[in-house]
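Take a look at the structure set out below.
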Amino acid sequence: MANSAIVTLIGSAVGVQITWLGLLLATVLGTLASWVVYHAFLSPLCHVPGPFFCRILPAALHPQLYMGRHYMWVTEMHRLYGPVVRIGHQAVSVIDRASIREIYQGYSHIKARIWYRGLDQYTSGMFTTPHAVVHKQLKRQLEPTFSRKAVREMESLVLEHGAAGLAFTIAGRCAAEAALAGPKHGETGTVVDLFSLLNYATLDTITQLALGRNACLLRGSDHPIVGWFHSFGMMATLMCAFPFLKDYKFGFRQMRQDTQNLYDHAVECITEKRATLHEISADCAAGRSIDDKRQAAEKDILANLLRAEDPQTNDKLTEVQIAVETINTMFAGTETISAGLTLTFLHLFRHPNLYRKVQDEVVRSFPVPDLFGGEDGCPTTPRPLGLNLALLQMMGITYATIKERVPLVEAIINETLRITPSATTVLMREVPEGGRVLGGHYMPAGTNVGMSLMAYHHGAEWEDPHLFQPERFLGPEGEKNLVKLMSFSLGPRQCIGRNLAYVEMSLILVVLLRFFHFEVASSAEMHQDWLEFVTLRPSTLKFHCRTWLRAEFCAA
Ligand code: HEM
């Protein structure tokens, strides 16, 4: 009674007859209008340059994210608005080095939960935890696993399961097609989807290293791990957008089941590795010899994780932590590398002189060994040469020899990761209590800020940023440019797999250049879009090339 009297009173005050529904609508519209006015003109972020709609739409980023075009859009926004751009209602992208240092060099700006929480499906791991104390301990435990020394000890596994496995697969396909096509094969070559093959090679390698079991995708296995990973990624994306899905276990049954299968598989591999390590130490104690395979099994990522210990507290990782770290390692260390290598070939195809130059250097630096020591210097190696791991080892293909003999290889990898960083996403952090001034603009606490790797690598910090010039990473300027390269991020949360990434990419690139000749299959492949779904991917999810085994490895 009293309420309707108030409505009537307001109605007569403004000279109109209003109802409850009208009042409700007016309240909603009024709140909305004041919200828009506040965010458009009064909020502390409204002075940050950027498109107007980003000020008022909480989901301004989402269409670009779901279409995979976010990185192109953010780069364009930086071109239009400068080094600090508001790219969302609460999100700002920065590409000036001072702001980047401020954000990433310490622990002050924590990882923005909204972007990472989806990966925490079991427990938060090193990749996702926002807590400095937790991260510091995990880092102390995990760093030795990914150190240069540890990666050197894993190198033979990386060569065998990645580079060599890939080369055998492609050589096998070339040989089969050459047998069918006869001399015509010289013109047509063998068409392979390089992106998929590189994906298989990197997944085979990382499953061997992180689980102790190669998924054998290059050898044609239909291991369900590919589907499990797909579901894990989808589930992670959904949980980022709708975090309540983690606690309310309804819907998405297949995806949840696949994610659980992935986790159970990791636990099974952990148990198996524990048993293997136990047997090895029993054999050592009994003075029995350990063959090469078992020696290598002792040095992979999983074996290191089982031994990992915090030097300050002696804490070891729990079983759940080990499972989560192996899954995150596989997640972080597969497509980043396969996309990076596919992009490397894309750039080499666009720069045929550079392709010839690096291939010539690789061929000169890794000659075919004369297996039987021919007289008068003539090679007596029988044809066709068996393309096997022993041959690669005899040719001396290691990360150290590649760096020493063909520095151009790593320079090409670095330039690829600069101009088209395979992990392109904006690495979002949260502005801490008290707010911060970044790039001359005040950002209140809680604002999501981050660098867009693509925009930064195409910005003012670089000379001729749009040109593909690997030489910028060689000679006296090389070191300076390397410090500016952010493809692996910087500071305490930078990529822990960086050493492994360089080793794996260099070995695969050199083996492919040494044994094969590649040409892109069509100009459509060259000009297709690359879309960003955490990493860059060709829009067709394929990158077809023609390939030929180089003459010295073919039957005479
Ligand atoms: C070309 C290859 C790679 C690129 C471009 C790359 C790039 C990156 C970037 C940009 C980050 C920072 C992510 C963020 O702040 O959100 C990162 C973090 C990380 N990467 Fe990589 N990565 C590569 C390969 C690998 C490999 C091979 C592994 C493991 C085997 C790995 C494991 C990780 C982990 C665990 C983190 C989280 C580190 C932390 O938060 O402390 N990455 N990577």
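Residues take their numbers from the sequence shown, with the count starting at 1. In each ligand, atom 1 is the first atom listed, and ligand 1 is the first ligand listed.
Ligand 1 places these atoms under 4.0 Å from at least one heavy atom of M505: 1 (C). Heavy-atom proximity to I337, at under 4.0 Å, picks out these atoms of ligand 1: 2 (C), 27 (C). Near S422, the atoms of ligand 1 lying under 4.0 angstrom from a non-hydrogen atom of the residue are 5 (C). Heavy-atom proximity to L500, at under 4.0 Å, picks out these atoms of ligand 1: 30 (C). Interface atoms of ligand 1 facing Q494, defined by a heavy-atom separation under 4.0 Å, are 38 (C). Of all atoms in ligand 1, listed by their number and element, those nearer than 4.0 Å to a heavy atom of S487 are 5 (C), 7 (C), 10 (C). Set against the non-hydrogen atoms of K111, the atoms of ligand 1 under 4.0 Å away are 14 (C), 15 (O), 16 (O), 40 (O). Every atom of ligand 1 is numbered from 1 in the order shown, and the set under 4.0 Å from a heavy atom of H135 is 39 (C), 40 (O), 41 (O).
The shortest heavy-atom distance from F146 to ligand 1 is under 4.0 Å. Within the 4.0 Å heavy-atom cutoff, E325 does not count among the residues contacting ligand 1. Using a non-hydrogen distance threshold of 4.0 Å, M451 does not register as a contact of ligand 1.
Taking only nitrogen or oxygen atoms, main chain and side chain alike, Y116 reaches within less than 3.5 Å of ligand 1. Where the criterion is an N or O separation shorter than 3.5 Å, residue side chain and backbone included, R493 meets it with respect to ligand 1. On a distance-only criterion, S489 and ligand 1 share no N/O pair closer than 3.5 Å.
Considering only non-hydrogen atoms, atom 2 (C) of ligand 1 lies nearest to T336 out of T535, V534, T336. The nearest non-hydrogen atom to atom 25 (C) of ligand 1, considering only G491, A332, G125, P421, comes from A332.
The two residues T145 and A150 have their closest heavy-atom pair at O-CB, 3.4 Å. Counting all heavy atoms, side chain and backbone alike, L203 lies closest to V226 at CD2-CG2, 4.1 Å. Q528 approaches S539 most closely through the heavy-atom pair OE1-N, 3.3 Å.
With hydrogens left out, the protein atom closest to atom 13 (C) of ligand 1 is L427 CD2, 3.9 Å, a heavy atom. At the top of the distance list for atom 6 (C) of ligand 1, counting protein heavy atoms only, stands F488 CD2, 3.7 Å. Remark: minimum distance from atom 35 (C) of ligand 1 to any protein heavy atom is reached at I496 CG2, 3.5 Å. Nearest protein neighbour of atom 15 (O) of ligand 1, counting heavy atoms only, is R429 NH2, 2.8 Å. In terms of protein heavy-atom proximity, atom 36 (C) of ligand 1 is closest to F127 CD1, 3.3 Å. With respect to atom 28 (C) of ligand 1, the closest heavy atom belonging to the protein is G497 CA, 3.5 Å. Atom 26 (C) of ligand 1 has G333 CA, 3.4 Å as its closest protein atom, hydrogens excluded (heavy atom only). Nearest protein heavy-atom neighbour of atom 29 (C) of ligand 1: T329 CG2, 3.7 Å.
Between Y116 and F127, the ring-plane angle classifies as tilted under the 30° and 60° cut-offs. Aromatic ring orientation, H347 versus H351: tilted (interplanar angle from 30° to 60°). Between Y355 and F349, the angle of the ring planes lies from 30° to 60°, which puts this pair in the tilted group.
Heavy atoms of M428 found under 4.0 angstrom from ligand 1: none, in either backbone or side chain. Contacts between R498 and ligand 1, counted as non-hydrogen atom pairs separated by less than 4.0 Å, are absent for every part of the residue. Contact annotation for E504 and ligand 1: no heavy atom of the residue comes within less than 4.0 Å of the ligand. Looking at C495 against ligand 1, both its backbone and its side chain come within 4.0 Å, counting heavy atoms.
Without hydrogens or angle criteria, Q359 side chain to L513 main chain gives a donor-acceptor distance under 3.5 Å. At least one donor-acceptor pair closer than 3.5 Å links the side chain of Q321 to the backbone N or O of T318. Using a distance-only test at 3.5 Å, with no hydrogens or angles considered, no donor-acceptor pair links the side chain of T129 to the main chain of G125. Formation of a donor-acceptor pair under 3.5 Å by the Y104 side chain with backbone atoms of M451 is found in this model.
For F518 and F345, the ring centers sit closer than 6.0 Å to each other. Ring to ring, F488 and Y502 are close: their centroids are under 6.0 angstrom apart. You'll find the ring centres of Y107 and H135 inside the 6.0 Å limit.
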Worksheet entry | H466/H457 under ring pair (Phe, Tyr, Trp, His ring centres under 6.0 Å): CA gap, chis, key distance, verdict | CA-CA 9 Å; H466 303 297; H457 286 144; over 10 Å; no
Worksheet item: Run the salt bridge (charged side-chain N to carboxylate O under 4.0 Å, His left out) check on D310 and K316 step by step: do they pass?
Response: CA-CA 7 Å; D310 178 353; K316 298 192 86 141; over 6 Å; no
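By the 4.0 Å N-to-carboxylate-O rule, E335 lies close enough to R537 to be salt-bridged with it.
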